[in-house]
Amino acid sequence: MDITFVFIELGLSLLILLLAGKIKGYPSNKWRILYFAPIFIAVLFSFMVDFSFISVFVYLAAAVFLGWYYTEDLMIRRVIAVVAVLITGALALYLLTDPDYKTKNYYSDFNNGFDNMKAHYVLDKEKGINWDELYAKYEPRFKDVQDSQDSAMNYRVWQEFVGEFYDGHVSYAMKNDDDMRDAFCKVYGNDYGLSLIRLSSGEYAAVNVEGCGNSFAIDKDADSLGLGEIKDRYIIKYADRSVLSNAGIKNGTIITKWDGKPIDDYLDDITFTLFACPDRDNEAFYKPLYVAGIGSETVDITFIDEGGNEKQVTAPKLGAYFPRLYDTIEKIDGGVKVTNLSWQEINENTALIRIDEMAYDSKTYEGTDYKAMTDKLRSEVEELKAKGIKTLIFDLRQNSGGSPYMVEGVAGLFAPEGEHISYYSAVINEDTANYDRGPDGKYIKNKELKYTGEDLWHDGKIVLLVNGETVSAGDDMTYMMGEYPNVTVVGFTSSNSSCQAVGSVSLDEGNLTFSAVPNLDNDGNVAIDTFTDHKGRVPFDEYIPFSSEAVTAIFDNGTDYQLDYVIKEL
């Protein structure tokens, strides 16, 4: 993109040089707009390209043209234009001829990110991280990435690296969105027209099957990741997309083998996933989705037909699997599509509030005072109580986190009366900028984070609807409210189990985030996050069964099976 802007700037400089005489011959204030065109391009450049030494020359060339505004002398104007052409022309020549300019710093990025995590990651003891072994494993792989300059492989190796921590707050994102989408489509395998899910019965079923009901199909509509912008690169237009439906495979069809092997045999081969699953049970739920991308130009799918017979069909590659994978996860995990903190009255007894992030507004997000939000919610809850509502459903599915102070502002309304402690902070060593551990290996408790309960819903029931993408402050709310006597926590999976405060390091090619500030419970243990047993430590009461009925509701009918289950059963 930087080269593109340089050549646009060069083109404008040449154009203005050629038009210098024309402008002199036809004086008009309208021509003055042309003087500012290079400045306009430079402003766009500043927003769309990271600052580097190249930026200085782009801005300098643009600034040179401002001299036109102060002189009518044709010769001076031509000199100004020539200077701008020389600056941008020399820059363009440099970019085209320097072999090292476009070399990405993948290897130094890894070392920088690794060193930062080793110095400041606060869960290494709890997660059983051996830094030396980890470096020995990944250093040569990032050397290979550096040599190949393969951005997709860079993403893959980072995903494998961050997956070693089993921490929803350890993640890597590439800075270039197009490169990121490109990597998604390259590393998650091939699309054969379906995804796979493990049913509660233990069987594996086809879901999101090409051509069935509400299932995925690439069209002109762009999704939230912008995959619609690049779909043509990863779709095989001439592929037969009716193979599965013609063979009798539909949503819910039981799949027994994938390319001749049981699905279970592939699970250990899934070394990276789209988002972290610190809880082993959650990981077991999501992993089969990724098996459906494994294969080459074709894959043999063995399934049970409607007559109970085992059959096999050879499915061709349709393109990249990631768009279908992403859509499958969205269909399973997505909550009610309404504005954050919006209420819906489900029936005469039940109301739902959607909370997809712990953010009220931009003003309060940076602070600790959520009184205005709490007052508003209190009034709304009192109105619901007056209408005879008996059950409140908190839809926390795919809650991406946010402010812990907002969590307290909401949870305090429903907590038993009196003072509650959500967390303790840890003692920080001012000399090392790290958190001290005591002789027992635990962090040393510091100040408590307190809130006051109002018990506003004492005689009613509350249901928290969560999933593996309910993370960070979403985990906080589950952790706090899940202990209240009238609260039940349910979902296809438990919440993510990651809640330490996050730090980040900006790398040349991406951004690395990780748990950097510990939150402690009353016993001085790190709160919520899983330890080496990968067992979640957030309250969870009941798994919603992922049954054939769930498959039909979600992938054929496009209905919210989890919400319907809660209303009917709870």
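Positions are given from 1, in the same order as the sequence printed here.
In terms of modelled atom types and a separation under 3.5 Å, the side chain of Asn105 and the main chain of Ser108 share no donor-acceptor contact. A donor-acceptor pair under 3.5 Å is absent between the side-chain atoms of Thr470 and the main chain of Val466, judged by distance alone. Glu569 places no side-chain N or O within donor-acceptor distance of the main-chain N or O of Val566, the cut-off being under 3.5 Å. Without hydrogens or angle criteria, Gln500 side chain to Ile528 main chain gives no donor-acceptor distance under 3.5 Å. Judged purely by atom type and a 3.5 angstrom limit, Ser504 has no side-chain atom pairing as donor or acceptor with the backbone of Leu512. Counting only distance, with no hydrogens or angles, the side chain of Asp541 and the backbone of Val489 share a donor-acceptor pair below 3.5 Å. Looking only at distances, a side-chain donor or acceptor of Gln159 sits under 3.5 Å from a matching main-chain atom of Thr273.
Outside the 6.0 Å centre-distance limit, the rings of Trp158 and Phe272 are not counted as a close aromatic pair. The distance between the ring centers of Tyr543 and Phe540 falls below 6.0 angstrom. Here Phe161 and Phe165 bring their ring centres to under 6.0 angstrom of each other. Aromatic ring centres of Tyr326 and Tyr188 lie farther apart than the 6.0 Å criterion allows.
When side chains are defined from C-beta on, Phe394 counts as touching Met481, because their heavy atoms get closer than 4.5 Å. Counting only heavy atoms from C-beta outward, the side chains of Val291 and Lys287 never approach each other to under 4.5 Å. With contacts defined as side-chain heavy-atom distances shorter than 4.5 Å, the pair Pro545/Tyr565 qualifies. Using a 4.5 Å heavy-atom threshold, the side chains of His120 and Val122 count as separate. Counting heavy atoms from C-beta on, the side chains of Glu160 and Tyr138 come closer than 4.5 Å. Using a 4.5 Å heavy-atom threshold, the side chains of Asp459 and Lys390 count as separate. In this structure, the side chains of Ile567 and Ile393 come closer than 4.5 Å at one or more pairs of heavy atoms. Considering only heavy atoms from C-beta on, Ile332 stays 4.5 Å or farther from Ile329 through its side chain.
Listed here is the closest heavy atom pair of Val538 and Ser495: CG2-OG, 3.2 Å. When every heavy atom of Tyr321 is checked against every heavy atom of Leu289, the shortest pair comes out as OH-O, 2.5 Å.
For the pair Glu164 and Lys127, the salt-bridge criterion is not met [side-chain N within less than 4.0 Å of a carboxylate O]. In summary, Asp177 and Arg181 do not engage in a salt bridge, as defined by a charged side-chain N under 4.0 Å from a carboxylate O. A salt bridge links Arg437 with Asp124: the closest approach of a Lys/Arg side-chain nitrogen to an acidic carboxylate oxygen falls below 4.0 angstrom. Using a 4.0 Å cut-off between charged side-chain N and carboxylate O, Asp147 and Lys143 make no salt bridge. The residues Lys376 and Glu380 are annotated as salt-bridged, a charged nitrogen and a carboxylate oxygen being separated by less than 4.0 angstrom. Checked for salt-bridge contact, Asp115 and Lys118 miss the test: no charged N lies under 4.0 Å from a carboxylate O. Ion pairing between Asp395 and Arg354 holds under the 4.0 Å rule for side-chain N and carboxylate O.
For the pair Arg397 and Phe492, the cation-pi test (distance below 6.0 Å, angle within 45°) is failed.
Residues His458 and Asn486 bring no donor and acceptor atom of their side chains to less than 3.5 Å of each other. Side-chain contact check for Asp167 and Tyr121: at least one donor-acceptor pair (N or O, by modelled atom type) lies under 3.5 Å. Glu509 and Asn154 form no side-chain donor-acceptor contact under 3.5 Å, judged by distance and modelled atom types alone. In this structure, a donor-acceptor pair under 3.5 Å is absent between the side chains of Ser472 and Asp475. Between the side chains of Tyr107 and Asn112, no donor-acceptor pair of N or O atoms lies under 3.5 Å. Ser171 and Thr513 form a side-chain donor-acceptor contact under 3.5 Å, judged by distance and modelled atom types alone.
The aromatic rings of Tyr435 and Tyr443 lie perpendicular to each other, with more than 60° between the two planes, well past the 30° mark. Ring planes of Tyr423 and Tyr479: parallel class, angle under 30° (limits at 30 and 60°). In this pair, Tyr484 and His420 present their aromatic rings tilted. The plane angle is within the 30 to 60° band.
A ring pair (Phe, Tyr, Trp, His ring centres under 6.0 Å) with Phe322 holds for exactly one of Phe184, Tyr290, Tyr155; it is Phe184.
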